Amino acid sequence: MKVVLQNLTKKFPGRKKADAEVIAVNDFTFEIPDGELIGLLGPSGCGKSTALNLISGLLMPTSGKIYFGADDVTDLPPENRGVGLVFQNYALYPHLTVKQNIIFPLQNLKGKDKLSKDEMSEKAYEIAKLVQIDELMDRKPSELSGGQQQRVAIARALVKMPRVLLLDEPLSNLDARLRLQTREEIKRIQQETKITTIFVTHDQEEAMSISDRIVVMQSGVIQQIGKPQDVYDDPVNLFVAKFLGTPPINVFVGKVKDGGLYIGDDCILDVADVSDREVYIGIRPEGFILREDGPLCCTLGGLEVMGRDISVVSSHPGCQAPTIRSIISAENKVDLASKTVRFAVKPNKVFIFDKETEARIPFSAEDARHG
Ligand code: ADP
Ligand code: MG
């Protein structure tokens with residue numbers, strides 16, 4: 001089922017008269033193709049849950065439209081939209097068994113959709129198999145691990161075969177290992193059922209790993225939509241560049257002067273096609289090349305060996321953060337006795353942003369080879 005949002009906006013009035021209203025979702029326009037898994041990604045408070053609740057029908061928009069396929073669902077209540085919902089806190093009925101929890105949504109079906117007891121049971125087992133909890137059907141939620149409880153919640157959301165599956169931070173209550181495992185499960189289930197799915201998270205790694213496309217949000221405004229790798233490789237602004245990637249991108253204050261890109265007095269790249277100005281320079285951790293005659297001279301802090309790679313920890317007065325993290329291959333030798341370390345940079349891992357607007361300033365990498 002294709003989902004279309006058109007100029008979708010949700011404003012909340014301020015608590016008191018004097019308070020400004022909050023625009024939690026600001027003019028969202030985008031289309032989710034049938035069968036895709038979309039990650040809604042942004043920091044806490046950026047409007048992710050509000051956007052999801054508008055799509056589910058739990059909230060009514062201030063303005064704008066929502067379509068499921070050709071159907072305008074904007075004014076439909078949640079129960080008539082055909083959505084399955086999963087929240088962070090499982091929200092299972094504690095006094096019901098797993099099976100009864102999964103069957104619950106089927107019991108309200110009326111008229112021609114009404115199911116017999118056997119049909120409900122059959123459907124429950126079918127879906128329980130899909131999420132791999134069919135051996136636990138007679139347990140109560142309190143007798144399950146967090147991961148298992150969340151699978152029950154997912155099964156319950158899927159049992160009516162919703163047109164759209166909506167997940168709001170579904171992994172946040174799970175420990176690190178279960179989180180990894182369950183997110184792979186969700187991906188598998190989504191690929192098997194091909195149900196159009198919207199997955200909300202503040203965790204960039206989670207969103208990147210699970211989504212066909214991500215929607216990066218800040219303060220109710222969409223910043224960028226694209227395939228995770230494309231957004232990572234080609235961020236539109238400083239916010240998006242900083243939000244994606246671990247370790248995070250290293251941000252420097254710098255300038256473009258006479259066709260050179262400078263951090264302090266170090267000219268790290270030729271950028272002939274950018275006019276003179278003050279800029280922020282973002283360099284991905286994997287964008288550094290260890291080189292004795294490299295143009296960027298940093299104070300060496302230490303090394304963190306991570307097996308395949310080495311993380312060089314250094315500092316530079318031009319860097320916004322106290323430390324710079326650069327990831328280099330473990331074959332490199334770093335002289336720990338040295339006080340400094342010198343780097344060249346990979347042009348496609350360097351981004352320049354306007355100091356005022358923080359928008360990305362393109363430069364051609366072809367012309368940007370140095371030394
Ligand atoms: P997220 O899920 O990304 O953390 P939310 O969608 O919950 O963000 O909230 C977005 C913004 O809207 C926040 O500033 C929040 O305080 C505000 N907000 C959310 N729900 C309400 C509400 N019912 N009344 C007033 N403000 C709200
Ligand atoms: Mg939320």
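Numbering of ligands and ligand atoms starts at 1, following listing order. Being a predicted model, the structure only gives us computed values, none of them experimental.
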Notebook entry, point to check: For the side-chain hydrogen bond (donor to acceptor under 3.5 Å, both in side chains) test, which of Gln190, Arg188, Lys194 pairs with Glu192?
Noted result: Arg188

Margin query: Count I, L, V, M, F, W, Y as connected when their side-chain heavy atoms are under 4.5 Å apart, and connections chain through other members. Are Leu171 and Leu178 then in the same cluster?
Written below: yes

Check: Between Lys140 and Glu143, does at least one N-O distance fall below 4.0 Å, as a salt bridge requires?
Finding: no

[X] and [Y]: side-chain donor and acceptor closer than 3.5 Å?
{"X": "Lys99", "Y": "Ser121", "answer": "yes"}
{"X": "Arg277", "Y": "Ser275", "answer": "yes"}
{"X": "Glu358", "Y": "Asn237", "answer": "no"}

Check: Residues in side chain to side chain donor-acceptor pair (under 3.5 Å) with Arg325, at least two apart?
Finding: Glu304

Next item on the list: Only counting residues at least two apart or in another chain, list the ones meeting side chain to side chain donor-acceptor pair (under 3.5 Å) with Ser209.
Entry: Arg183

Next item on the list: Show all protein N/O/S atoms under 2.8 Å from the Mg ion (ligand 2), or state that there are none.
Entry: Ser49 OG

Check: Mind checking whether Phe243 and Phe239 have parallel, tilted or perpendicular rings, split at 30° and 60°?
Finding: parallel

Item checked: Neighbouring residues of ligand 1, heavy-atom cut-off under 4.0 Å -> Phe12, Val22, Ala24, Pro43, Ser44, Gly45, Cys46, Gly47, Lys48, Ser49, Thr50

